[in-house]
Amino acid sequence: MTKTLGILAGLGPLAGAHFYRRVIELTPAVNDHEHLSVVLIAENSIPSRLDHLIGQGPSPLPSLIETAQRLITAGAEILAIPSTTTHAYYQEIARRVPVPVLNLIELVARDIARSSSRRVGIIATTPTCTLGLYDQAFAQRGITAVYPDSQTQDEIMAVIRGVKAEGNRPQWGERLEEAMAKAWARETDGMLLACTETPVVFAGISHPRFPGPLFNATDILARAAIAACQG
């Protein structure tokens, strides 16, 4: 008996929808009945994690916990949060709900540890980078997180905001590719699409201007969610 997956989406909306699409596409199903049962809530009233983490807004934690509890009430037996930045609140959310919550940070670190990459560039929101959300999980596995210079990070944030505001437009993929081809990337032997807006524009395909392995946080979480729900 498979378990029902709960997706805490809306962080942002397109990233959550893209995650659900990847769950469908990566599930080894031959008919409707072999796909997962899914409950998805995209709650637009959750305060900005980005603002709160830089001290400019209210905490989203109460709304995140309330939304997680709504998913469980609706039948979710395993929760996935397809947002790296939101994992700054992971421990508090996981402690407050009675079902497993998949840990995107740990899952990504385990996946990369199985590769040969040991200096991985982080394409993520500025709070994810400044808080070093991946640092501990990476360090435990002998991996170093490499962060963009401040100007490149500003360009990455512009892409993330652009996807949130306008959806998947060709210019966002082009600008992200340019950011990944700058001097900072020479210090890496792999690149992580950590912010889940970024796989939306890359669609999981390695770009030729970055020759190393490209890791996709959305797909890593999707595969883990499928495996967990299928037991």
Would you say the side chain of [Y] lies within less than 4.5 Å of the side chain of [X], judging by non-hydrogen atoms?
X      : Y      : value
Val99  : Ile78  : no
Val120 : Ser117 : yes
Leu193 : Phe215 : no
Asp219 : Pro199 : no
Pro47  : Ser63  : yes
Thr67  : Ile46  : yes
Ile112 : Phe138 : yes
Ser115 : Pro213 : no

message: Strictly by side chain to side chain donor-acceptor pair (under 3.5 Å), give each pair with a member in residues 68-83 just once, sequence neighbours left out.
response: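 The answer is Glu43-Arg70, Ser83-Thr86.
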
Selection residues 222-231 - residue pairs positive for side chain to side chain donor-acceptor pair (under 3.5 Å), sequence neighbours left out: none

Going from [atom1] on [X] to [atom2] on [Y], what distance comes out if it is rounded to the nearest 0.5 angstrom?
X      : Y      : atom1 : atom2 : answer
Ile156 : Thr126 : CD1   : OG1   : 8.5 Å
Ile122 : Gln153 : CD1   : CD    : 10.5 Å
Leu102 : Ile7   : CG    : CD1   : 10.5 Å
Leu36  : Ile24  : CG    : CD1   : 9.0 Å
Ile81  : Thr196 : CD1   : OG1   : 11.0 Å
Arg118 : Thr144 : CZ    : OG1   : 9.5 Å

query: Is there a side chain to side chain contact (heavy atoms under 4.5 Å, CB included) between Thr218 and His18 once you walk through the steps?
result: CA-CA 8 Å; Thr218 293; His18 179 69; 3.8 Å; yes

- request: Hey, could you give me each pair passing salt bridge (Lys or Arg N to Asp or Glu O under 4.0 Å) that has a residue in residues 89-110? Not counting sequence neighbours.
  value: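 Pairs touching residues 89-110 that pass the test: Glu106-Arg141.
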
- prompt: Is it true that atom NZ of Lys164 has more than 12 heavy atoms of other residues, nucleotides or ligands lying nearer than 6.0 Å?
  reply: yes

Crowding at CG, Asp32 (>12 non-hydrogen neighbours, <6.0 Å):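 Not more than 12 within 6.0 Å, no.
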
State, to 0.1 Å, how close [X] and [Y] come at their nearest heavy-atom pair, and which atoms those are.
X      : Y      : value
Leu5   : Cys229 : CB-SG, 3.6 Å
Gly12  : Arg49  : N-NH2, 4.4 Å
Ala94  : Val101 : CA-CG2, 4.1 Å
Asn216 : Leu192 : N-CD1, 4.5 Å

Main chain of [Y], side chain of [X]: is a donor-acceptor contact present, judged purely on distance under 3.5 Å?
X      : Y      : answer
Glu34  : Val30  : yes
Trp184 : Ala179 : yes
Ser48  : Leu50  : yes
Arg175 : Ala158 : no

Output all residues satisfying side chain to side chain donor-acceptor pair (under 3.5 Å) with [X], sequence neighbours left out; order by chain, then residue number.
X      : result
Thr84  : Tyr134
Tyr20  : none
Tyr147 : Asp135
Thr188 : none

- prompt: Between Ile143 and Leu214, is there a shared hydrophobic cluster once you connect ILVMFWY residues whose side-chain heavy atoms come closer than 4.5 Å?
  reply: no

- request: Kindly determine whether His87 and Ile93 satisfy side chain to side chain contact (heavy atoms under 4.5 Å, CB included), including the steps that lead there.
  value: CA-CA 9 Å; His87 278 69; Ile93 297 169; over 6 Å; no

message: Using a strict threshold of under 4.0 Å (side-chain N to carboxylate O), is an ion pair present between Arg119 and Asp189?
response: no

Would you please name every residue forming a salt bridge (Lys or Arg N to Asp or Glu O under 4.0 Å) with [X], sequence neighbours left out?
X      : answer
Glu155 : Lys182
Asp111 : Arg114
Glu166 : Arg169
Arg21  : Glu25

query: When you look at Leu79 and Leu8, which way does the side chain to side chain contact (heavy atoms under 4.5 Å, CB included) test go after all the steps?
result: CA-CA 7 Å; Leu79 300 187; Leu8 206 168; 5.9 Å; no

message: With ring-ring contact (aromatic ring centres under 6.0 Å, His included) as the rule and sequence neighbours excluded, what pairs involving residues 32-66 come up?
response: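 ring-ring contact (aromatic ring centres under 6.0 Å, His included) check on residues 32-66 returns His52-Tyr89.
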
Worked check of side chain to side chain contact (heavy atoms under 4.5 Å, CB included) between Leu64 and Leu11: CA-CA 10 Å; Leu64 289 167; Leu11 308 167; 4.1 Å; yes

